[in-house]
*Asks:* 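What follows is a single structure, and I will ask about it in a moment.
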Number of protein chains: 2
Amino acid sequence: MTKTVQKRTLATRARLVEAASNVIAENGYEALRVEEVVKRAGVAKGTFFAHFADKDALMDRLIGEGINRCLDELEQCKAPADVEELVATLMPLLEFMTCERYVFDVILRYSGAAAIERIGDIAMTFERHGQVVSAWLADGPFRRDVSTQLLAEGIQAFSVQAMALKFCALHASESMESRLLTYLRAWLIV
Amino acid sequence: MTKTVQKRTLATRARLVEAASNVIAENGYEALRVEEVVKRAGVAKGTFFAHFADKDALMDRLIGEGINRCLDELEQCKAPADVEELVATLMPLLEFMTCERYVFDVILRYSGAAAIERIGDIAMTFERHGQVVSAWLADGPFRRDVSTQLLAEGIQAFSVQAMALKFCALHASESMESRLLTYLRAWLIV
DNA sequence: TAAATAAATTGACCGCGGTCAATTTATATG
DNA sequence: CATATAAATTGACCGCGGTCAATTTATTTA
């Protein structure tokens, strides 16, 4: 049970992540190609897959990072005083999650842990999100007949719905924010 | 503005769909390969893409068919008398939608219309689902302070959440049905 | 320090979805 | 019926994610 982590390993992985971040900064998430990443990192293609199970695993990590940055902001906020404030506070996170259709697709695919053994970064952010929101609900003008945990899960469900409809041709007219507002008024109000 | 639809076209498309259905019946949705489908249909690969924009378009159609079969059943049912009955009635549909992880992923991706111009089969089934459920809610012991339309959207949101958690390692313990029951009791009860 | 062992890296190769210029087949026109 | 025109079909080819036996580099052992 020896853990032999060479620092070369860390260095290579860091170079891969760095290169990937640059590609994304320049062209967005969807345009990322593994071949471009390894070229910039100066390693062979096989090396990439020695560090990440597949391309999605890299995305899980990078998008997870982005979500966590949003959650860092959320944690700074004081508990919203009403539904309007709650929705407004959540918006930056939802905007990031829907910055690209591809990003939203990856999030949906990984919001539940993808594999049995490995629980991905994105799945962990959903847990964290639930806890942050749950804490807010404890001292606000919201219904109390069910647990804050359940209310928080509902907020996630409605958030996903509102985000999904952003990409839906059938419902493009209403904004994500106003839609979520409608949902959460019906869900949270006593 | 002449529409010249050769019957050869229809025949070829039917052969492709037939072949695809057979492959799926034998090996499931995820295992479907376009090359296998065209081989069985006796046409070249390019022909497939003259009939379907991409592989997903075929999946949208075939999975959409499956959902519509479930909805046909649902329409036969009389309006559920309470939440328990409602959930029980919905289960066959949810079971089909989660018969494979791949199937659920495709459904999520296409539940909103994928492209602006073309509204896919799966997206249409969500509309249909909303209408069927909405009609049920009009005469049942459910809350009436918001529209049945909104309630139906919430049922969809919670259904998606319950299905997603079925594939989630973090929440594998509770069944899809009991989870949905918890959600909908909190959502629908007056 | 040299030999043995384990870990990291390499790049040719594969599978499979998707493209397109060229060809075949059907339909409209004189 | 012959010719022009449009539609359908073909298959070689490409892009890109992912694999793996062979090789290089680091660590352990004698």
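Protein chains get the first letters and strands the later ones, always in sequence-line order, with residue 1 at the start of each. Since the structure is predicted, the reported quantities are computational estimates derived from the model, not experimental observations. All values below were derived from every heavy atom in this structure, side-chain atoms included, with hydrogens, water molecules and symmetry-related copies excluded.
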*Asks:* Could you check which of C:dG17, D:dT9, C:dT10 has an atom nearest any side-chain atom of B:H51?
*Replies:*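 That would be D:dT9.
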
*Asks:* Using heavy atoms and a sub-4.0 Å distance, could you list which residues of residues 12-33 of chain B are near DNA chain D? By number, please.
*Replies:* B:T12

*Asks:* Could you go through residues 70-78 of chain A and list every donor-acceptor pair under 3.5 Å that involves a side-chain atom there, pairing it with any protein atom two or more places apart or in another chain?
*Replies:*
residue: A:D72; atom: OD1; partner: A:R128; partner atom: NH1; Å: 3.4
residue: A:D72; atom: OD1; partner: A:R128; partner atom: NH2; Å: 2.7
residue: A:E75; atom: OE1; partner: A:R128; partner atom: NH2; Å: 3.1

*Asks:* Whole angstroms only, please: what is the NZ-P distance between B:K39 and D:dT10?
*Replies:* 16 Å

*Asks:* Pairs in or reaching into residues 47-57 of chain B: which pass salt bridge (charged side-chain N to carboxylate O under 4.0 Å, His left out), with residues at least two apart or in two chains?
*Replies:*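 Pairs touching residues 47-57 of chain B that pass the test: B:D56-B:R109.
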
*Asks:* I want to verify a distance call: between D:dT9, C:dA8, C:dT9, whose nearest atom is closest to the B:A50 side chain?
*Replies:*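 Minimum distance to the B:A50 side chain belongs to D:dT9.
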
*Asks:* What pair of heavy atoms forms the shortest contact from A:G112 to A:A123, and how long is it?
*Replies:* C-CB, 4.2 Å

*Asks:* Check side-chain hydrogen bond (donor to acceptor under 3.5 Å, both in side chains) between A:D139 and all other residues, then give those that pass, not counting sequence neighbours.
*Replies:*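 Residues passing side-chain hydrogen bond (donor to acceptor under 3.5 Å, both in side chains) with A:D139: none at all.
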
*Asks:* What do you reckon, is CE of B:M124 surrounded by more than 12 foreign heavy atoms closer than 6.0 Å?
*Replies:*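 Atom CE in B:M124 is not packed in, count stays at 12 or less.
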
*Asks:* Under 3.5 Å, which protein N or O atoms sit close to an N or O of nucleotides 19-25 of chain C? Give each pair with its distance.
*Replies:*
none

*Asks:* Check side-chain hydrogen bond (donor to acceptor under 3.5 Å, both in side chains) between B:S134 and all other residues, then give those that pass, not counting sequence neighbours.
*Replies:* B:T148

*Asks:* When you match B:F48 and B:K7 each to their closest nucleotide on DNA chain C, which lands nearer the 5' end?
*Replies:*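 Nearest-nucleotide comparison on DNA chain C picks B:F48.
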
*Asks:* Return the nearest nucleotide to the side chain of A:A44; candidates are C:dG11, D:dT10, C:dG18.
*Replies:* C:dG11

*Asks:* When the distance from CG of A:L58 to P of D:dG18 is rounded to whole Å, what number comes out?
*Replies:*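 Rounded to the whole Å, the gap is 11 Å.
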
*Asks:* Tell me every residue that passes side-chain hydrogen bond (donor to acceptor under 3.5 Å, both in side chains) with B:T89, counting only those two or more places apart in sequence or in another chain.
*Replies:*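 Testing B:T89 for side-chain hydrogen bond (donor to acceptor under 3.5 Å, both in side chains), a comparison that skips the adjacent residues, returns none.
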
*Asks:* May I have all residue pairs that pass side chain to side chain donor-acceptor pair (under 3.5 Å) and include part of residues 24-38 of chain B, sequence neighbours excluded?
*Replies:*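 Every pair satisfying side chain to side chain donor-acceptor pair (under 3.5 Å) with a residue in residues 24-38 of chain B: B:E26-B:R40, B:E35-B:K45, B:E36-B:R40.
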
*Asks:* What bend angle does the helix from C:dT1-D:dA30 to C:dT27-D:dA4 show across its length, from five-pair end axes and to the nearest 10 degrees?
*Replies:*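 Angle reported: 10°, given to the nearest ten degrees.
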
*Asks:* Return the set of residues passing salt bridge (Lys or Arg N to Asp or Glu O under 4.0 Å) with B:D82 (not counting sequence neighbours), or none when no residue passes.
*Replies:* none

*Asks:* Could you tell me the separation between the CG atom of A:D56 and the P atom of D:dG17, rounded to a whole number of Å?
*Replies:*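 It works out to 10 Å between those atoms.
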
*Asks:* Grab the CG-P distance between B:L10 and C:dA26 for me, whole Å please.
*Replies:*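 Taking CG of B:L10 and P of C:dA26, I get 15 Å after rounding.
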
*Asks:* Measure the distance from OH on A:Y102 to C1' on D:dG17 and round it to the nearest whole Å.
*Replies:*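 About 11 Å, once rounded to whole Å.
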
*Asks:* Suppose the criterion is ring pair (Phe, Tyr, Trp, His ring centres under 6.0 Å): which pairs have a residue in residues 52-96 of chain B, not counting sequence neighbours?
*Replies:*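 Qualifying pairs, neighbours excluded: B:F48-B:F52.
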
*Asks:* How many Å lie between CD on B:E35 and C1' on C:dG18, as a whole number?
*Replies:*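 Result: 11 Å.
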
*Asks:* With a cut-off of 3.5 Å and sequence neighbours excluded, list every side-chain donor-acceptor pair involving residues 181-190 of chain B.
*Replies:*
residue: B:T182; atom: OG1; partner: B:S178; partner atom: O; Å: 3.0
residue: B:Y183; atom: OH; partner: A:E153; partner atom: OE1; Å: 2.3
residue: B:R185; atom: NE; partner: B:E84; partner atom: OE2; Å: 3.0
residue: B:R185; atom: NH2; partner: B:E84; partner atom: OE2; Å: 2.8
residue: B:W187; atom: NE1; partner: B:L151; partner atom: O; Å: 3.1

